[in-house]
Number of protein chains: 2
Amino acid sequence: MKATIKDVASLASVSISTVSRVLNNPELVVPRKRQKVLEAIRELNYSPNALARGLIHKRTGTLGVLIPDISNLFYSAVLRGMEDAANRSDSNLIICNTDTSAARRNSILKVLYEKQIDGVIWTSEPLPSDSYEMFAKLDFPVVLAATHSLDYNLPSVKVDDEQAAYDATVYLIGRGHTRIGMISGPKNDPISGYPRIQGFLRALRDHHLKFDEAVCVEYGKYHFEDSYEAMKRLHGKYPEMTAVFASSDERALAAISYLHENQIRVPDDISVIGFDGTRMAGMSFPRLTTVAQPLYNIGYLAVDKLLKVINGDHIGELRTCVPHQIIERNSVIDCPQPI
Amino acid sequence: MKATIKDVASLASVSISTVSRVLNNPELVVPRKRQKVLEAIRELNYSPNALARGLIHKRTGTLGVLIPDISNLFYSAVLRGMEDAANRSDSNLIICNTDTSAARRNSILKVLYEKQIDGVIWTSEPLPSDSYEMFAKLDFPVVLAATHSLDYNLPSVKVDDEQAAYDATVYLIGRGHTRIGMISGPKNDPISGYPRIQGFLRALRDHHLKFDEAVCVEYGKYHFEDSYEAMKRLHGKYPEMTAVFASSDERALAAISYLHENQIRVPDDISVIGFDGTRMAGMSFPRLTTVAQPLYNIGYLAVDKLLKVINGDHIGELRTCVPHQIIERNSVIDCPQPI
DNA sequence: CTGAAAGCGCTTACAG
DNA sequence: CTGAAAGCGCTTACAG
């Protein structure tokens with residue numbers, strides 16, 4: 001029912017080698033035969049079987065993407081960039097959720113390995129050593145997106161988190177704020193936690209502001225409600241604060257919700273700056289000022305890099321650092337009561 | 001370098017048939033040999049090549065998902081449901097953006113066909129007739145998710161859009177509102193446009209409210225800014241309105257932004273109800289009351305259904321209608337000035 | 001219970 | 001320029 005190369009060959013009365021040639025090296029076939037084959041192909045609506053091809057070429061044109069959880073809104077733009085990059089070279093993406101579970105991770109990797117994918121993109125999380133070893137053992141090309149590895153020499157694409165946090169804080173300071181709080185992710189998170197806290201503190205220090213780390217930074221896990229509670233605690237212990245730096249847009253929206261719901265005006269009483277530059281940052285009230293990561297580009301460049309590794313091309317720098325950028329909207333104003 | 005079945009066979013000193021049997025029908029092999037083979041497999045870290053298997057079984061365990069644009073936040077939960085359903089039966093998803101472009105659609109379908117995917121999920125948009133014919137010609141199993149087709153007998157999973165819009169409106173009416181506006185998608189959109197407008201109008205009629213369709217409904221395309229402008233126009237021509245039904249959460253957030261930015265309080269002056277039940281509905285201020293679709297389930301059930309079609313199992317009803325549900329949060333209150 | 005052989009749908013030296 | 005043959009890595013009747 002599905003036409004095969006044999007069907008085409010017999011309809012065109014040539015050998016299957018010839019059919020294969022008109023598909024792959026048409027110049028090797030005399031025009032007359034080439035024409036006949038082309039006609040047969042079109043008549044039978046023939047398309048070569050990529051499995052058979054893949055078996056021979058040891059290349060499938062499909063890439064695996066491991067992300068913690070696709071339902072996190074952070075990924076939509078990143079995935080779009082990945083898709084577009086994959087598409088440019090006729091590759092496809094198999095997207096898998098790891099749920100930050102080792103068991104899940106391993107079973108996914110096994111399936112992807114069996115499906116002979118050409119390589120994988122590992123997203124957001126620090127790469128666990130067992131997965132690294134698996135990649136090495138399976139000889140899987142890997143590129144890290146929105147994360148990197150200091151332990152291993154793996155290509156990566158990400159923003160400079162420490163510097164971005166620093167810049168966000170300096171932006172607040174430049175607006176006259178001196179009592180600034182931070183809603184952070186877990187302290188031990190090596191991407192969205194630790195470096196962003198360090199950047200925040202460095203900015204405070206560089207500008208000679210007095211602060212007590214135990215008072216001005218509060219921790220929350222990754223989701224809204226948790227950050228909402230973190231904001232509550234932060235405000236409880238640091239009521240004189242006039243601005244807060246939230247280390248993700250979702251955390252910023254949670255902070256804004258808490259403040260609004262407690263009759264504290266944003267930005268009139270407290271300014272809020274986010275981090276990420278997701279689409280929803282433009283949909284809040286007030287519209288969120290945020291340090292944007294080039295999400296689409298991170299995805300695009302990561303896949304691009306992976307493709308280069310696969311093709312054996314030169315990848316340029318191993319760890320690509322993409323620029324962040326402060327997007328000014330309405331959630332930050334000049335400090336109303338400068339000291 | 002990658003171990004093959006031959007390597008395992010020679011290490012275990014059996015034929016490749018035996019290796020294949022311990023993988024697929026272990027009971028056919030005597031325990032002693034089975035053991036030896038298993039050891040060889042583990043020693044060589046062997047995993048069967050899914051391409052070779054797929055070539056024989058005519059089954060790849062990979063499904064195609066066509067969505068208009070993954071960067072739309074609507075899809076994250078839906079995709080998560082799809083993923084989980086696929087996972088349960090060791091299938092994977094190849095997600096592709098169509099950008100509502102016929103050219104793109106066709107090139108994607110061609111690639112997926114060559115990759116021998118087992119079936120496809122078509123999402124959100126009405127299925128164009130050329131794609132339907134392509135599916136038919138290629139003999140592709142298809143399931144429609146968050147959309148359906150009246151023209152063709154295709155399995156689908158979606159909410160009853162007309163009824164959901166009706167219920168949203170009745171909810172507003174039940175809260176005492178009589179002057180209700182609507183921010184709609186394009187009138188000719190057969191999913192998020194037309195039926196939702198019809199549901200809205202039917203509710204108004206059923207409750208004997210006076211209204212002029214030309215005044216109380218305003219149209220916007222799919223994105224935020226466009227809906228923001230729609231809200232502006234709507235408010236301009238219908239200032240006495242006390243509630244608005246927005247036919248997506250993004251439209252609702254846009255409406256809220258417009259109102260807030262023009263010193264109109266939500267919900268005190270105007271109540272707003274959304275549609276979809278995306279995650280961001282819980283992150284706005286005020287938190288958005290919305291008619292939620294079971295997004296995760298739509299994805300899950302659609303893949304489940306596709307798998308059934310592929311396996312030749314009975315799929316139950318062709319067009320599955322999943323229940324919607326009003327999630328009450330803080331963007332709707334009782335009409336402050338009932339007539 | 002097990003191995004040799006054919007075959008899934010291709011590509012690519014190798015002859016001619 | 002073109003065809004027959006071998007081979008990619010498997011599975012599955014078919015004998016024995």
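To find a chain, count down the sequence lines: A is the first, B the second, and so on, and within it residues start at 1.
- Side-chain contact annotation: B:E125 with B:T100, donor-acceptor N/O pair under 3.5 Å present.
- For B:Y46, whose side chain is taken as the heavy atoms from C-beta onward, the closest listed nucleotide among D:dG7, D:dC10, D:dG9 is D:dC10.
- Comparing B:P48 and A:V30 against DNA chain D, the residue whose closest nucleotide sits nearer the 5' end is A:V30.
- If you measure from atom CD of A:E27 to atom P of D:dT2, you get 12 Å, rounded to the nearest angstrom.
- Using cut-offs of 30° and 60° for the angle between ring planes, the A:Y152 and A:Y132 rings count as parallel.
- Note: CG (A:L28) to P (C:dT12) measures 11 Å, nearest angstrom.
- Residue B:K33 places none of its side-chain N or O atoms closer than 4.0 Å to OP1 or OP2 of C:dC1.
- Contact check, B:K2 against D:dC8: no side-chain N or O comes under 4.0 Å of OP1 or OP2.
- Considering only the side chain of B:H57, D:dT12 comes nearest among D:dC10, D:dT12, C:dC8.
- In this entry the distance linking NZ of A:K115 with P of D:dC10 reads 16 Å, nearest Å.
- A salt bridge does not link B:D69 to A:R279: none of the charged nitrogens lies less than 4.0 Å from a carboxylate oxygen.
- Remark: C1' of D:dC1 and NZ of A:K36 are 15 Å apart, rounded to the nearest angstrom.
- Between the side chain of B:N87 and the backbone N or O of B:D90, no donor-acceptor pair lies under 3.5 Å.
- Taking side-chain N and O atoms only, A:K58 has a distance below 4.0 Å to OP1 or OP2 of D:dG9.
- Here the P atom of nucleotide C:dC8 and the CG atom of B:L51 are 17 Å apart, to the nearest Å.
- Protein atom CZ of A:R34 is 9 Å distant from nucleotide atom P of D:dC1, rounded to whole Å.
- With the nearest nucleotide of DNA chain C identified for both B:I16 and A:N25, B:I16 has the one nearer the 5' end.
- Ion pairing between a basic and an acidic side chain is recognised when a charged N comes within 4.0 Å of a carboxylate O; B:D130 and B:R105 show such pairing.
- Within the 4.0 Å cut-off from OP1 or OP2 of D:dT11, at least one side-chain nitrogen or oxygen of B:N24 is found.
- Considering only side-chain N and O atoms, A:S17 lies nowhere under 4.0 angstrom from the phosphate OP1 or OP2 of C:dT11.
- Checking the phosphate oxygens (OP1, OP2) of C:dC1, no side-chain nitrogen or oxygen of B:R21 falls inside 4.0 Å.
- Summarising the geometry, the separation between NZ on B:K6 and P on D:dG9 is reported as 7 Å, rounded to the nearest angstrom.
- For B:R53 and D:dG9, the shortest distance from a side-chain N or O to OP1 or OP2 is not below 4.0 Å.
- Using a 4.0 Å cut-off between a side-chain N of Lys or Arg and a carboxylate O of Asp or Glu, A:R88 and A:D304 qualify as a salt bridge.
- The nearest whole Å value for the distance from the CD1 atom in A:I56 to the C1' atom in C:dT11 is 4 Å.
- With both pairing distances under 3.5 Å, C:dA4 is matched to nothing as a Watson-Crick or G-U wobble pair.
- For C:dT12, neither phosphate oxygen OP1 nor OP2 lies less than 4.0 angstrom from any side-chain nitrogen or oxygen of A:S20.
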